[in-house]
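Numbers restart at 1 for each chain; the letters A, B, ... are given by sequence-line order, proteins then strands. FYI, side chains are in, hydrogens and waters are out, and symmetry mates aren't considered; it's all heavy atoms of this structure.
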Amino acid sequence: MHVALFVPCYVDQFYPDVAIATLELLEQLGVQVDYPGGQTCCGQPMANTGCDDVTAPVARRFVELFANYNRIVCPSGSCAAMIRHHYAHHFSPDDETAKRVCGNTVELCEFLHDDLQLTSLDVSFPHRVSIHQSCHGLRELRLGASSEVMLAREDKVRQLLDLVRDIQLMPLSRCDECCGFGGTFSVNEADVSVAMGRDRIADHVKSRSEVIVSADMSCLMHLEGLIRREKTPLRVMHVAQVLIGRSLVGDQ
Amino acid sequence: MTVRLPIVEHPRAAKEFVNGGRGPWHDAALWFVRSKRDKQAASVPEWEYLRTLASQIKRHTNANLSGYLEQFTENASRLGAQIHWATDAQEHNAIVLEILRKVGTTRIVKSKSMLTEECGLNPYLEAAGIEVIDTDLGERIVQLRGESPSHIVLPAIHIKKEEVGVTFHEHLGTKTGAADPIYLTEAARSHLRGKFLRGEVGITGVNFAIAETGGLVVCTNEGNADLGVSLPRVHIACMGIEKLIPRWQDLGVFTRLLARSATGQPITSYTSHFHGPRDASSELHIVLVDNGRSQLRTKSEFRDAMNCIRCGACMNTCPVYRRSGGHSYRATVPGPIGSVLSPSQAAKDHKSLPYACSLCGSCTDVCPVRIPLHHQLLAMRGELVGKGLLPKSKRWSMSFASYLFQHPQLFALAGRLGRMALYWLPHFLTHNRLNAWTVARELPKPPKESFSEWYARNRPTPSNSNH
């Protein structure tokens, strides 16, 4: 299998190990990975602010850059959702290339679960872990069942973590409440955003978890910012880092 | 007399509620309601099917609205109701006052109606010398306090029982410091009983209007609508034109969804049906109000907001609403649905509301009539930018970001400089009040190299020099 890797802008700049872990994981699973040069951002910050005119050229650039790939894998539910579900109105309805690129873009856990149908992994992570479900992964990409909807659905992130030896998944009292990041929301509405983040962290602490694991590093950037400021005894890790076998005592 | 809160942008209006300690208490109260809703929804095996059906019925009704309005008004007139049409809030209020003048009354009892809140009926009538008594307990509490409802189903959810005790002590003469809900409710009951007996006209809202029969359905838990219109001779029912459903048999779809979504009850305590006036000596007036609804109906992205049955589930689930309280929205209808409806009526006044949202999508998933609320909120941001209502500083920073993202080398350079600055500069220069991120949060620890730099060093293959 041959895929292109799309690394979100803030992961590229602030969390390179998340991208390295993703790359190493895919390569270890026998996937041939290209990392097309010149990639930057999917355009979500501008789109979520409502600035469609300056989103469009960024979206068009993305489509051009990834036009020749049948699979584009991205270690972020939010960015994958932006491309798959929110690109359409920046392109003409008969733009077949754009349609193909959007349809071909998947989040990492989706790719591992749906395309590779991963059923075993040779890694151990002997820690108490709590999962942070990112809203866009959950409610846009449907990586799992959201608590509002009365339908059973496979939880792809959890199923992948279940493949890891010695891992202990801790239950939360609010299993899928928003962490309060929300892109520019985190600074526009800083007070509400911080209150939401603190509540999430308290729930994870109460579960006796050692580390919050998520498929979206942006939520974790916000939570980690609070954790480090308040010196809470919790760590954050991207799901790719756990699946490739990074130890908990990494530099964060 | 209700005091309308001045328009203030949401982040500032929310500040005190969020940081002043009321946020966690309010959040817990509403999360409890949301949890009850989950249990009730889970008890109906066909829940998701009901949501789809309800959404389809509403879409169909809205697509054929003029026909159904005609059918409804014909049938309601045949039953003896008097029909009034109001283009906007002013017309609505004038119609109601004219009816009251004809009847020759100065005392009315009102059950909960968000439409009359939307139209500002209470202050309008009070200015005309009419005594208006809200008979829903929560609404009576906020009325006595000179406030407006902070939630469309739970109007006094922002008020603690001790505070209700103080208000009732002042207005109803309850004992000082009394905060026992049973005692306070009893006091409100006997106070309202007197008002019911004196009321000369009963005003209610409408939950559903059935085109096929010309009948109205009003759902309450306190029975106040029933008592309020059973004693007086005249009943005025005020409804938005989106309250229609086509057939009698469609009603069950909505009554099964409404109370479960709203408060986690299987059904409201009272589901009252009104088919024409009570008897030959009574009057039933139905005021049908547009007030921007037909405008909303013309916009494809926002049309589905007409589906709304005002259950309040989107408020109960909204992580922002739960922490910032209903009054922070400065709008009649707060929360996600209000943040779509308010700016669609008055964009400039309510321009901060679509941004008071992390786009988590919980509202969309909880909505019993499948309004794609978070996508509408996103689309509304685009509308606001189109109208030039985004602050210039934000507009420019987005244009700058877009430029950066179109120039990868510049992006890489900016990233490198940013990480270096973050690494070398003293903490107070990067973490201060000028940077909203850092007021309560640390910035990420800057890595020595970006992934792109790592990749160029570790995977020197032709594929990474393709572009």
Side-chain angles (χ1 to χ4, degrees), chain A residues 7 9 11-17 19-20 34-41 43 45-46 48-52 54-55 57-58 61 65 135-136 139-140 146-151 174 177-178 180-182 185-196 199 221-222 224-226 228-229 252, chain B residues 10-11 14-15 18-19 23 27 38 41-42 47-48 317 319-320 323-324 355-362 364-366 378 381-382 384-385 390 394-395 398-399 401-402 405-406 408 411 415 419 436-437 439-447 449-452 454-455 459 463-467:
Chain A
V7 175
C9 52
V11 171
D12 175 49
Q13 289 298 321
F14 287 118
Y15 299 101
D17 188 58
I20 298 169
D34 279 5
Y35 176 64
Q39 54 177 282
T40 55
C41 171
M46 291 78 83
N48 285 3
T49 308
C51 299
D52 291 347
V54 295
T55 308
V58 178
R61 221 181 143 263
L65 216 51
C135 297
H136 291 173
R139 298 193 187 87
E140 294 269 343
S146 69
S147 59
E148 301 87 2
V149 177
M150 299 300 144
L151 286 178
R174 298 185 188 180
E177 195 183 32
C178 178
F181 172 66
F185 173 83
S186 63
V187 288
N188 283 337
E189 289 269 3
D191 294 302
V192 181
S193 164
V194 163
M196 286 164 70
D199 287 354
M221 175 166 73
H222 159 69
E224 187 202 25
L226 286 163
R228 281 179 42 223
R229 174 64 61 86
Q252 296 203 358
Chain B
H10 186 269
K15 214 174 185 66
V18 181
N19 299 339
D27 165 64
D38 290 352
W47 183 257
E48 298 303 326
T317 204
V320 177
R323 287 170 183 82
S324 69
Y355 295 92
C357 159
S358 64
L359 297 173
C360 79
S362 184
T364 300
D365 275 4
V366 91
L378 183 56
R381 295 177 187 186
L384 294 172
V385 172
L390 186 73
K394 283 183 187 152
R395 191 90 183 83
M398 287 304 141
S399 300
S402 172
F405 293 141
Q406 291 172 65
F411 168 72
R419 280 183 284 115
W437 177 272
V439 173
R441 286 167 289 217
E442 290 296 303
L443 285 163
K445 279 188 186 165
E449 59 182 359
S450 68
F451 174 71
S452 301
W454 178 93
Y455 191 85
R459 297 286 195 282
S463 77
N464 82 52
S465 53
N466 264 354
H467 299 273

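Here the closest heavy-atom approach between residue A:Ser146 and residue B:Asp365 is recorded as OG-OD2, 2.7 Å. Closest approach of B:Tyr455 and A:Asp34 over heavy atoms only: OH-C, 4.4 Å. Nearest heavy-atom pair across B:Val320 and A:Met196 is CG2-SD, 4.2 Å.
Contacts between B:Gln406 and chain A at a heavy-atom distance below 4.5 Å involve backbone atoms as well as side-chain atoms. Contacts between B:Leu443 and chain A at a heavy-atom distance below 4.5 Å involve the backbone alone (N, CA, C, O). Only the side chain of B:Thr317 comes within contact range of chain A, with heavy atoms under 4.5 Å apart. Looking at A:Val149, the atoms closer than 4.5 Å to chain B (heavy atoms on both sides) sit in the backbone and in the side chain alike. In this structure, chain A has a heavy atom under 4.5 Å from the side chain of B:Val18, while its backbone stays farther away.
Within the model, atoms CD of A:Glu224 and CZ of B:Arg441 stand 12.5 Å from one another, a figure rounded to the nearest 0.5 Å. Taking CG of A:Asn188 as the reference point, atom SG of B:Cys357 lies at 11.5 Å (rounded to 0.5 Å).
Shown here are the salt bridge (Lys or Arg N to Asp or Glu O under 4.0 Å) partners of B:Arg323, two or more places apart in sequence or in another chain: A:Glu177, A:Asp199, B:Asp27. In this view, A:Arg61 satisfies the salt bridge (Lys or Arg N to Asp or Glu O under 4.0 Å) rule with no residue, not counting sequence neighbours.
For an aromatic pair to be called close, the ring centres must be under 6.0 Å apart, and B:Phe451 with A:Tyr35 satisfies this.
In terms of heavy-atom pairs under 4.5 Å with chain A, the best-connected choice from B:Ala42, B:Ser452, B:Gly23 is B:Ser452. Listed options B:Gly382, B:Gly361, B:Ala14, B:Cys360 were ranked by heavy-atom pairs under 4.5 angstrom with chain A; first place goes to B:Cys360.
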